[in-house]
Amino acid sequence: MSASPPGVLAAALAERLGQRARWRPIEIAFWVAAVASVFLLPGKHIILAEIAILALFALSLDLILGYAGIISLGHAAFFGFGAYCAGLFAKHHLINEPVLALGAAGLAAAALGFVTSFLVLRGSDLTRLMVTLGVALMLREIANRFDELTGGADGLQGVGIAPVLGSFAFDITGHVAYVYALAVLAILLVLARRLVHSPFGLSLRSVKGNALRASAIGIPVNARLVAIYTVAAAYAGIAGALLTQTTAFCSLDVFSFERSADLLLVLIIGGTGYLYGGLIGAVIFKLMQDWLATMTPQYWQFWIGLLLVAIVLVGRERMSRWLDAARGLVRLR
Amino acid sequence: MPFALETVGLSRHFGGISAVGDVSLRVETGARHALIGPNGAGKTTLINLLTGVLDPSAGTIQLEGRDITHLAPHRRVGLGLARTFQINQLFGDFTPLETIGLAVSERLGHGGDWLRVAGSRLGLNQDIAGLLEKFHLVDVMHERVSTLPYGKQRLLEIALAVACRPRVLLLDEPAAGVPEEDRHEILASVAALPEDVTVLFIEHDMDLVFSFARRISVLVNGSLFTEGSPEEVARDPRVKAVYLGEEAVDG
Amino acid sequence: MLTILFDGIAYGMLLFVLASGLAVTLGLMNFINLAHGAFAMAGGYAAVVLVNKLGWPFFAALPLAFVIPALAGLLLERTLYRHVYTRPHLDQVLFTIGLVFMSVAATDWVMGSQQVFVQLPRALEGRFEVGGVGIGRYRLMIIVLCGLLTIALQFALARTRFGSRLRAAVDDPRTAQGLGIPVNAVFSVTFAVGSGLAGLGGALGVEVLGLDPHFPLKFMIYFLIVVAVGGTSSITGPFLAAIVLGIGDVAGKYYMPKLGAFAIYTIMIVVLILRPQGLFSRAPGR
C-alpha cells in the first residue's frame with residue numbers, strides 16, 4: 001500500500017504528467033543557435049532558409065508518422081499544394097501579403113488533407129502507401145495538365161512576392177527569407193509541442209501503440225487520425241508555401257516522389273516521435289546533399305539510396321539507442 | 001426495467017463457419033454473471049460482438065434498453081460498456097500513470113483537448129490517483145508498462161477498463177496466466193467492484209467462477225447450452241459431460 | 001472500340017505479369033517490396049542489350065530476361081531482403097526505396113538516361129484486321145504469352161506441392177519449419193521467380209511501356225494498385241485488377257487525352273471507397 005493520500009498524490013501526478021512538456025536546456029540551446037546563425041552566418045542564409053523549410057516539412061511528417069504511425073509515400077502532395085496555392089495567390093494578386101497568403105495556403109492544404117484522410121484511414125499499410133503515393137501523383141498530373149493555370153512543366157512563372165508584413169522585401173541574400181522561414185518554423189514548432197503534450201497528443205500515441213485498446217477505452221480512433229492528418233497537411237502546405245514565397249517560383253517537382261521519399265530519410269536520420277528529429281535531420285540532410293552534390297552531382301540519388309539501405313540494415317532501433325546514449329549526455333529527452 | 005445487456009438472436013459467421021449462433025442472452029443490472037464453456041465455444045467472439053470489435057452477421061444488442069448493434073466501439077464505451085482483454089492489450093511505452101490518465105481524460109471528454117498540457121486538471125488527477133491506489137499501481141506508476149511484471153500488467157488491464165467508469169463491465173478471463181502469488185490481488189480487485197456495476201465475465205478457473213458468480217451461462221459450439229444459478233449449473237450432468245468431454249479430448 | 005479493349009487487355013496482362021511477383025511477396029508474405037520495378041527494369045535492359053548490342057533474336061533474349069533478374073533477386077533475397085522480412089513496414093519501405101534509388105542511379109550511369117527501344121522481329125510488327133478489329137501482332141503475342149504465364153502461375157500456386165508448401169510457410173513459418181518444409185528455401189525460390197517474372201514483363205514491356213532508368217518509380221503506383229485493389233487473398237484478384245487498370249488506362253487516354261491519365265487514380269479511389277479491403281478479398285479485416 002502506498003502511504004500518500006490521494007490528494008497529495010494527485011498534485012504529484014500533475015507535476016509528473018506536465019514534466020514532458022517542459023522546455024529543456026538543450027531545446028533552448030537549439031533555438032539560441034538558430035537565432036545566432038541569423039547574425040553569425042549571413043553568407044549562408046539561402047541554404048539556411050532551405051533547411052528551415054525542409055525542417056518544417058519533416059516536422060509535418062513526424063506528426064503523422066512519429067505520433068500516429070501513418071506511413072506516407074506522398075507527403076509532397078500537401079507541400080506541393082501549398083506551394084502552388086501560394087504561387088497562385090501572389091501571381092493573381094488574390095492575397096498579396098505573404099503571411100496571410102501563408103495562412104491561406106495552409107488552410108487549403110488542410111482542407112485537402114481532411115478530404116484525403118478518409119481514404120488514408122481505410123485499410124492496411126499497403127492501401128495507405130498506395131493512396132498517399134496516388135494522391136501526390138494525381139496532383140502532379142493535375143498541375144501538369146492544367147498548364148494555362150499552373151504553367152505546366154515550365155513551372156509557375158512570374159510570381160512576384162510582396163514584402164512580408166508590408167515592410168520586409170525578399171532580397172537576393174536570403175536574409176529576409178531565412179528570418180521569415182525560421183520564425184514560421186519556431187511558431188509552428190511551439191504549437192506542435194503543445195499539441196503532442198496535450199491529452200490529444202497522448203491519445204494519438206495510444207492509437208499508434210494499440211488502436212484496438214484505444215477504441216476500447218472510448219477513444220474515437222478515426223476522428224483522432226483525421227485530425228492529426230489534417231494538421232500535418234496544413235504544416236506541409238505552409239512549408240510548400242514558404243518555398244514558393246522565398247524563391248518566387250514553383251514547379252512540378254514540388255509533388256515529386258523523390259521529395260516524399262527524401263523526406264522519409266530526413267525524418268529517419270533525425271529520429272521520429274520527438275519533434276526535433278525533423279529539424280536535426282533537415283540540417284544533416286542538407287549539409288550532406290550539399291557535400292555529395294559537389295562530388296557527384298548527377299548520381300547523388302545513389303548515395304541517398306545506399307544510406308536508406310544502410311540505416312535499415314544497421315537497424316533504426318540500434319541507431320536510436322546510440323542517439324539516446326548521445327542524448328543522455330546532453331539530456332535532450 | 002430493461003436488462004443491463006441483452007442480445008437477441010446474435011450470430012456471427014466466418015466464411016461458412018458459425019462462431020456464435022443465435023445467442024439470446026440477458027444480463028440483469030448489477031449481475032455477477034459468468035460465461036463459461038469449453039475452448040472454442042465462442043466466448044471471446046461474443047465479447048467482441050458485444051463491444052463492437054466485430055459486426056454481427058445477425059441479431060441485435062441492447063445496452064440498458066438502447067440498441068447498440070451498429071455503434072462504433074468507442075461510442076459503446078461512452079454509453080457505459082467497457083471490457084478487458086484475455087491477452088493484455090496495453091500501451092507498452094506508456095507508464096501506468098499515463099495509461100490511466102488517458103482513459104480518465106477521455107471519459108470526461110477532454111481527450112480532444114489539444115492546447116492544454118496533460119495533467120493540468122486537478123480533479124481529474126484525484127480520479128487517477130484513486131484508481132492507481134485501488135489497483136496497487138502507485139509504486140510502479142512511472143515505469144514503462146512493457147517492463148512491468150505480468151501480475152501488475154494484469155491489474156492495469158482491469159484498472160484501465162474500470163477507469164472508463166462502466167456501468168457494464170466485460171472481463172475476458174481476468175485471472176488468465178496470473179501467477180499464484182498475485183492471484184489474490186486480481187480477485188480482490190474484481191470482488192471490490194461497486195455493486196451497481198454489472199459484471200459479465202469469462203473464466204476457466206472454476207474456483208473463481210463459483211466464488212464470484214451469481215448466475216452462469218454455458219456456451220457450447222457458439223450457442224447457449226444452459227443457464228442458471230451456480231448450484232443449478234454445478235448439478236447439471238450435461239454441463240459436466242461437456243467439460244469432461246473436452247478433458248477427454250485434451251488428455 | 002474493340003481495338004481499344006484489345007489493347008487494354010494486352011496492357012493489363014502485361015501489368016499482371018509485371019506485378020504478379022509482388023502480388024505473391026506482398027500479398028502472401030506481407031512484405032512491402034517497392035523495389036519490385038527494379039527487377040522489371042533489369043529484365044528490360046537485359047533484353048535491350050542482348051538484342052540491340054549483341055544481335056540476339058528477341059525470343060532468345062526473353063528467357064535470359066527472366067533468368068538474370070531471377071538470379072539477382074535470389075542473390076538479394078539471400079543477402080539482404082531476408083533480414084527485413086520480419087521488420088516493421090516502415091523499415092521495409094525505407095529499405096526498398098533505397099534499393100530503387102540505387103538501381104535508378106546505377107542504371108542511369110551505365111545505360112544513360114534516355115529512353116531505349118528494342119529491335120523486334122519483323123513478324124511481330126504491324127497490325128491485321130479481324131472483323132473490323134485492328135489486332136496488333138505484338139500485343140496479340142503479349143496476350144497469348146501472358147495468358148499462358150498466368151495459367152501456369154495459378155496452377156503452380158494452387159495445385160503443386162510447391163504451392164501448398166508456400167502457403168503453409170506463409171501461414172505459419174514456425175509450424176511449417178517443424179513439418180520439414182524448408183521455409184527459407186521456399187521464400188528464396190518464390191522471390192526469385194517473382195523477380196524473374198517481373199524481368200520477363202519488363203522485357204515484353206519495352207515496346208509497350210517504354211524503358212528508361214526511372215521505370216521502377218514510374219510504375220510503382222501501378223504495381224501497388226494492382227496488388228492493393230486486387231486484394232491480397234488470391235492471385236485472381238490482382239489479375240482482374242490488372243485487366244481493369246489496363247483497359248481503364250488505355251481507354252481513358254484514348255477518349256479523354258487531357259484527363260485520361262487520371263483514369264487509374266479514379267479506379268483506385270472508387271474501389272477504395274466501395275471495397276476498402278480490395279476488390280476480391282474473402283474475409284474483411286484480416
Side-chain angles (χ1 to χ4, degrees), chain A residues 1-23 63 66-67 69 190-224 226-228 230-231 273-274 320, chain B residues 51-53 72-78 82-85 88-95 97-130 132-133 136-139 141-142 145 157 160-161 163-164:
Chain A
M1 274 284 142
S2 167
S4 56
V8 178
L9 185 58
L13 294 193
E15 168 85 11
R16 189 67 183 219
L17 276 170
Q19 224 171 49
R20 276 172 172 277
R22 216 165 294 142
W23 286 84
L63 287 177
Y67 288 89
V190 169
L191 209 62
R193 258 180 125 269
R194 262 274 134 108
L195 193 78
V196 301
H197 293 126
S198 70
F200 172 79
L202 197 63
S203 74
L204 271 181
R205 279 176 50 215
S206 79
V207 169
K208 186 192 174 199
N210 188 337
L212 173 67
R213 187 55 187 255
S215 70
I217 57 174
I219 294 171
V221 170
N222 280 1
R224 295 289 148 83
V226 167
I228 194 64
T230 305
V231 171
Y274 72 103
S320 73
Chain B
T51 52
V53 174
H74 71 271
R75 299 281 307 281
R76 302 183 197 210
V77 180
R83 73 176 289 188
T84 67
F85 291 80
N88 285 341
Q89 299 285 337
L90 296 166
F91 311 114
D93 60 346
F94 278 40
T95 63
L97 169 59
E98 288 172 325
T99 308
I100 299 295
L102 175 74
V104 171
S105 115
E106 201 61 49
R107 183 188 84 223
L108 297 173
H110 305 317
D113 289 8
W114 57 276
L115 266 182
R116 184 174 55 76
V117 171
S120 58
R121 279 176 198 265
L122 199 65
L124 190 147
N125 289 341
Q126 288 195 342
D127 217 337
I128 299 171
L132 288 172
E133 299 236 316
H136 313 289
L137 291 164
V138 173
D139 45 336
M141 68 182 180
H142 298 314
V145 167
E157 175 76 32
L160 188 51
C164 302

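All values below come from the heavy atoms of this structure, side chains included, with hydrogens, waters and symmetry mates left out. Naming convention: chains lettered A, B, ... in sequence-line order (proteins, then strands); numbering from 1 in each chain. Quantities reported herein were computed from a predicted structural model and do not represent experimental measurements.
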Engineer: Looking at CD1 of A:Ile217 and CZ of B:Arg83, how far apart are the two atoms once the value is rounded to the nearest 0.5 Å?
Structural biologist: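 Here the rounded value is 13.0 Å.
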Engineer: With side-chain contact (heavy atoms from CB on, under 4.5 Å) as the test, would you mind laying out the steps for A:Leu212 and B:Gln89 before giving the verdict?
Structural biologist: CA-CA 8 Å; A:Leu212 173 67; B:Gln89 299 285 337; 4.0 Å; yes
Engineer: OG of A:Ser198 to NE2 of B:His110: how many Å apart, nearest 0.5 Å?
Structural biologist: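 Between A:Ser198 OG and B:His110 NE2, I get 12.5 Å after rounding to 0.5 Å.
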Engineer: Whether the side chain of A:Arg213 engages the backbone of B:Phe85 through a donor-acceptor N/O pair (distance < 3.5 Å, no angle test) should be reported.
Structural biologist: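 No, because the side chain of A:Arg213 does not come within donor-acceptor range (under 3.5 Å) of the backbone of B:Phe85.
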Engineer: Quick check: do A:Ile219 and B:Val77 have side-chain heavy atoms less than 4.5 Å from each other?
Structural biologist: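 They are not in side-chain contact.
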Engineer: Atom CZ of residue position A:Arg193 - does it have more than 12 heavy atoms of other residues, nucleotides or ligands inside 6.0 Å?
Structural biologist: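 Yes, the 6.0 Å shell around CZ holds more than 12 heavy atoms from other groups.
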Engineer: Measure B:Glu98 against the heavy atoms of chain A and call it side chain, backbone, both or neither at under 4.5 Å.
Structural biologist: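 Both parts, backbone and side chain.
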Engineer: CD/B:Glu106 to CG/A:Leu202 distance, rounded to the nearest 0.5 angstrom?
Structural biologist: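 One finds 9.5 Å between CD of B:Glu106 and CG of A:Leu202.
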Engineer: Does any backbone or side-chain atom of B:Ser105 lie under 4.5 Å from a heavy atom of chain A? Answer side chain, backbone, both or neither.
Structural biologist: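 Interface part for B:Ser105: side chain.
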Engineer: What part of A:Arg224 is in contact with chain B, defined as an atom under 4.5 angstrom from a non-hydrogen atom: side chain, backbone, both or neither?
Structural biologist: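 Only the side chain of A:Arg224 comes within 4.5 Å of chain B.
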Engineer: Under a 4.5 Å heavy-atom cutoff, which of B:Gly92, B:Pro73, B:Ala72 has the most pairs with chain A?
Structural biologist: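 Most heavy-atom pairs within the cutoff with chain A belong to B:Pro73.
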Engineer: Once rounded to the nearest 0.5 Å, what's the spacing between atom OG of A:Ser206 and atom CG of B:Leu90?
Structural biologist: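 One gets 11.5 Å once the value is rounded to the nearest 0.5 Å.
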